[in-house]
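Structure, as structure tokens:
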Amino acid sequence: MASHPGAALRFLLLVTGLHAGLLQQGRSSSLQSSYENIDLLYEPLQMSGEHQNLVTEDVTVVEGEVAIISCRVKNSDDSVIQLLNPNRQTIYFRDVRPLKDSRFQLVNFSSNELRVSLSNVTLEDEGRYLCQVYTDPPQEAFTTITVLVPPHNLVIDVQKDTYVEGEEVEMNCTALASKPAAAIRWFKGNKELTAVKTDVEPMEERMFRVRSQLVLTAKREDDGIPIVCLVDHPAVKDLQTQQYLEVQYKPLVSVSVKYPQGLTREGETLELVCSATGKPSPERVLWQRVDDDLPEHVLILGDNLLFGNLNKTDNGTYRCEASNSVGSASADYTLFVYDASATTEPAVHDTRAGDETPLVVDHAVIGGVVAVVVFAMLCLLIILGRYFARHKGTYFTHEAKGADDAADADTAIINAEGGQNSCEEKKEYFI
């Protein structure tokens, strides 16, 4: 045993307290106070960190689980090891537990280690625990227990159960009573969304309430898709809750040909099928001919339109319209009846199932032809311009011939006239 007076005095006080059973009763306050005063008196005599022979580790534990506290001596000399709680009450003195809290249990005791387990950890157990070794001088080391508290509940609040396509959806996810504050993430299916705002509210006992708000626009493809609120927290994994969206939307309408497959010829039968989906389901579908009445021989069979004997007077655009409580929508089919002997489609033909079929014309070829024509015209204009410019210059040169060497204007005129006369004379001469 060390001979240091402070260590000896503390040892005597502790032994007295152990035998008297005072440390776990109300009468231990004066003894505990004396113990703390002795620590203060001899604190300067404690060894610095780089020469510390006592080793501890901080502990992080989830509320309700088990924490392991270890006091380990590197170079043992059989000195006394003890463990104290944040209130400086002795938990274990060597292998003896004077504290009545049975949640503390001895895991290992030897000349160089005191290891204790604390079960069913609560927030009240959080704090700095003290390991002491009675060497000369005495050594102390602190180990801190940090208690994590997972969110007790995770709730999504919505304004209403059903939305109409295009409406704004507001959702709030709340994580109650966690330590530390939880981080909330949003997902729509597998796609992560961004929250509009997140509020962190402190609560009692160092816990927090977190509230995250999500705003999105309802779309028809969102109907039946789960919106997931996921919590990131060191005390829990995969904590999430979800809310399924119910979105109502107006019908989506399409028109298809049941038969014939191919050209619609005179004398044949044509049946058009109107397909309409929506939420709620479309109440009814309505067939009409755009800008005209339906032919008399056409039959409406439920959602289908039947032409019994096609003829060219049936040409036109036929529209199927569907509606529900949200709205209405339509799709068109343009009918073109071919000759009974037709085997291939002409350059211009009908538009089927609401899709526009382009003219069978190669616009690139047309553009190329136009470009060639324009280029040829430009070349012709350039050639003609050069030709007229050259002959115009020759004309003026001959007209002024004989006036270049004249001394004055009158002489130039006379010479010019003379030149013309000379030309005329020459013409007469050659004739």
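Not measured: the values here are computed from a predicted model.
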Quick one: does any side-chain atom of Asn87 pair with a main-chain N or O of Gln89 as donor and acceptor, under 3.5 Å?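 Side chain of Asn87 to backbone of Gln89: no pair is present.
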Considering residues, nucleotides and ligands other than [X], do more than 12 of their heavy atoms fall under 6.0 Å from its [atom1]?
X: Glu57; atom1: CD; answer: no
X: Lys237; atom1: NZ; answer: no
X: Lys258; atom1: NZ; answer: no
X: Lys179; atom1: NZ; answer: yes
X: Lys219; atom1: NZ; answer: no

Answer yes if the side chains of [X] and [Y] hold a donor-acceptor pair under 3.5 Å, and no otherwise.
X: Gln242; Y: Tyr244; result: yes
X: Asn108; Y: Glu113; result: yes
X: Ser341; Y: Asp339; result: no
X: Thr146; Y: Glu126; result: no
X: Trp186; Y: Ser212; result: yes
X: Gln132; Y: Tyr134; result: yes

Relative to the ring of Phe104, is the ring of Tyr129 parallel (under 30°), tilted (30 to 60°) or perpendicular (over 60°)?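 Ring orientation of Tyr129 relative to Phe104: tilted.
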Yes or no on salt bridge (charged side-chain N to carboxylate O under 4.0 Å, His left out) for Asp199 and Arg211, after CA distance, side-chain angles and deciding distance? CA-CA 5 Å; Asp199 297 324; Arg211 182 182 180 88; 5.7 Å; no
For Asp314, check salt bridge (charged side-chain N to carboxylate O under 4.0 Å, His left out) against everything at least two apart and list the hits. none
Where is the tightest heavy-atom contact between Tyr249 and Val247, given as atom of each residue plus distance?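 The pair with the smallest heavy-atom distance is CD2-O, 3.6 Å.
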Atom of His233, atom of Pro151 and distance for their closest heavy-atom approach: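 That would be CG-CD, 4.2 Å.
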Taking the six-membered ring of Phe142 (Phe, Tyr or Trp), confirm whether the NZ or CZ of Arg128 is under 6.0 Å from its centre and within 45° of its axis. yes
